[in-house]
Amino acid sequence: MPSCALSSEFYSIPAPQAARALLGMRLVRCLDGQRLAGLIVETEAYRGEQDQACHAHAGRTQRTSVMYGPPGTAYIYFTYGMHWMLNVVCEEPGFPAAVLIRAVSVCEGAQTVALRRLGVKSAAWTDGPAKLCKAFDIDGRLNGSSLCQAGQALWIEPGQPVSDSLVSAGPRVGIDYAGEPWRSIPWRFRARLSP
DNA sequence: AGCACGATTAACT
DNA sequence: GTTAATCGTGCTC
């Protein structure tokens with residue numbers, strides 16, 4: 001069955017809406033001809049130069065320029081000296097906004113992920129933004145690439161719809177330096193999965 | 001200088 | 001089984 005990636009239009013909406021809509025979608029990584037995939041279970045929205053937690057808060061720089069580009073583009077950056085993070089650019093070109101993919105639930109290629117995450121229990125393979133990048137071999141080489149073309153290195157396709165009753169929203173994490181209201185605004189979305 | 005984190009440790013239930 | 005504290009690491013500004 002041919003896979004079909006979410007289109008650029010899907011991401012042309014306010015980042016918090018996109019963050020909610022991405023829950024349950026399937027993140028697909030094509031690695032050495034093999035499909036690795038996971039259902040998105042946690043996201044965070046970052047939106048505009050006004051948002052003190054958004055990288056674009058300091059304006060447009062070489063690093064943040066990707067966020068000003070077309071929706072559906074991967075914004076991948078490096079932080080804390082060792083971690084890569086995957087974001088999807090949202091909204092109209094010229095307006096910096098993105099959704100951080102914080103966690104996925106592996107549904108394809110588990111055998112390969114297990115090899116990439118040797119010594120890590122399956123529950124901890126992809127339950128953090130840097131962990132999923134490591135598990136799926138996502139790094140700066142993919143920064144700026146489009147996520148709207150199925151069959152390339154990385155894309156997002158429809159997965160399992162997640163009903164509102166399974167979604168909880170809360171404040172974003174790791175942004176203590178931001179002031180109000182940005183620090184408390186509930187732009188983090190989680191889907192409670194079925195154990 | 002400081003950071004959209006993770007692994008490890010150490011204290012609690 | 002949880003939450004809290006610590007710190008490594010190297011890229012961006």
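We name chains A, B, ... by the order of the sequence lines, and we start the count at 1 in each one. For clarity, every value in this text was computed on a predicted model and none was experimentally measured.
Under the rule for a salt bridge (charged side-chain N to carboxylate O under 4.0 Å, His left out), the partners of A:R172 that lie at least two apart in sequence or sit in another chain are A:D51. By the side-chain hydrogen bond (donor to acceptor under 3.5 Å, both in side chains) test, A:D176 pairs with no residue at all, sequence neighbours left out. Residues meeting the side-chain hydrogen bond (donor to acceptor under 3.5 Å, both in side chains) test with A:S65, sequence neighbours left out: none.
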Problem - 5'-to-3' dot-bracket of DNA chain C (Watson-Crick, G-U; under 3.5 angstrom; crossing pairs as [ ]; | other strand) - result: ||||||||.|||.

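Contacts with DNA chain B (heavy atom under 4.0 Å) in residues 118-134 of chain A: A:G128, A:P129, A:A130, A:K131, listed by number. The stretch residues 67-82 of chain A touches DNA chain C through A:F78, A:Y80, A:G81, A:M82, each having a heavy atom under 4.0 angstrom from the strand. A heavy atom closer than 4.0 Å to some atom of DNA chain B occurs in no member of residues 11-22 of chain A. The stretch residues 106-116 of chain A does not touch DNA chain C, since none of its heavy atoms comes less than 4.0 Å from the strand.
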In a table with atom names and distances, give each donor-acceptor pair under 3.5 Å that connects a side chain of residues 78-89 of chain A to protein atoms at least two apart or in another chain.
{"residue": "A:N87", "atom": "ND2", "partner": "A:Y75", "partner atom": "O", "Å": "3.1"}

Pair up each side-chain donor or acceptor in residues 10-19 of chain A with any protein partner under 3.5 Å, not counting sequence neighbours, and list the distances.
{"residue": "A:S12", "atom": "OG", "partner": "A:S8", "partner atom": "O", "Å": "3.1"}

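A:L100 comes within contact range of at least one nucleobase, with a heavy-atom separation under 4.0 Å. Among the atoms of the strands shown, only primed sugar atoms or phosphate atoms (P, OP1, OP2) are found under 4.0 Å from some heavy atom of A:R63. At the heavy-atom level, A:R117 lies under 4.0 Å from the strands shown only through sugar-phosphate atoms.
Put simply, the side chain of A:S145 does not reach to within 4.5 Å of the side chain of A:Q152, judged on heavy atoms. When side chains are defined from C-beta on, A:F95 does not count as touching A:E49, because their heavy atoms never get closer than 4.5 Å. In this structure, A:L100 and A:P129 have side chains that are in contact, with non-hydrogen atoms separated by less than 4.5 Å.
In this structure, A:R188 places its CZ atom 12 Å from C1' of B:dC5, rounding to the nearest Å. One interatomic measurement links the two molecules: NE2 of A:H83 to C1' of B:dG6, which rounds to 4 Å at whole-angstrom precision. Here B:dC5 presents its C1' atom at 13 Å from CD of A:E42, a figure rounded to the nearest Å.
For the OP1/OP2 pair of B:dA4 and a distance below 4.0 Å, the side-chain nitrogens and oxygens of A:H55 include at least one atom meeting the criterion.
In the hydrophobic clustering of ILVMFWY residues, with side-chain heavy atoms under 4.5 Å counting as a link, A:Y177 and A:Y77 come out together.
Taking the ring axis of A:Y68 as reference, the NZ or CZ atom of A:R60 stays within 45° of it and closer than 6.0 Å to the ring centre.
Residue A:K131 places its NZ atom among more than 12 non-hydrogen atoms of other residues, nucleotides or ligands, all under 6.0 Å distant. Within a 6.0 Å radius of CD in A:E180, other residues, nucleotides and ligands contribute more than 12 heavy atoms.
Ion pairing of A:D164 with A:R20 is present here, as a side-chain N (NZ or NE/NH1/NH2) and a carboxylate O approach within less than 4.0 Å.
The outermost nucleotides of DNA chain C lying under 4.0 Å from heavy atoms of chain A, listed 5' to 3', are C:dG8 to C:dC13.
A distance-only check finds a donor-acceptor pair linking the side chain of A:R116 to the backbone of A:A135 [under 3.5 Å]. Of the possible polar contacts, one joining the A:R117 side chain to the A:W125 backbone as a donor-acceptor pair under 3.5 Å is found.
Applying the 4.5 Å side-chain rule to ILVMFWY residues, one finds that A:V173 remains a lone member of its cluster.
Of all heavy-atom pairs between A:M67 and A:A98, the closest is SD-CB, 3.9 Å. Closest of all the heavy-atom pairs between A:I40 and A:L22 is CB-O, 3.4 Å.
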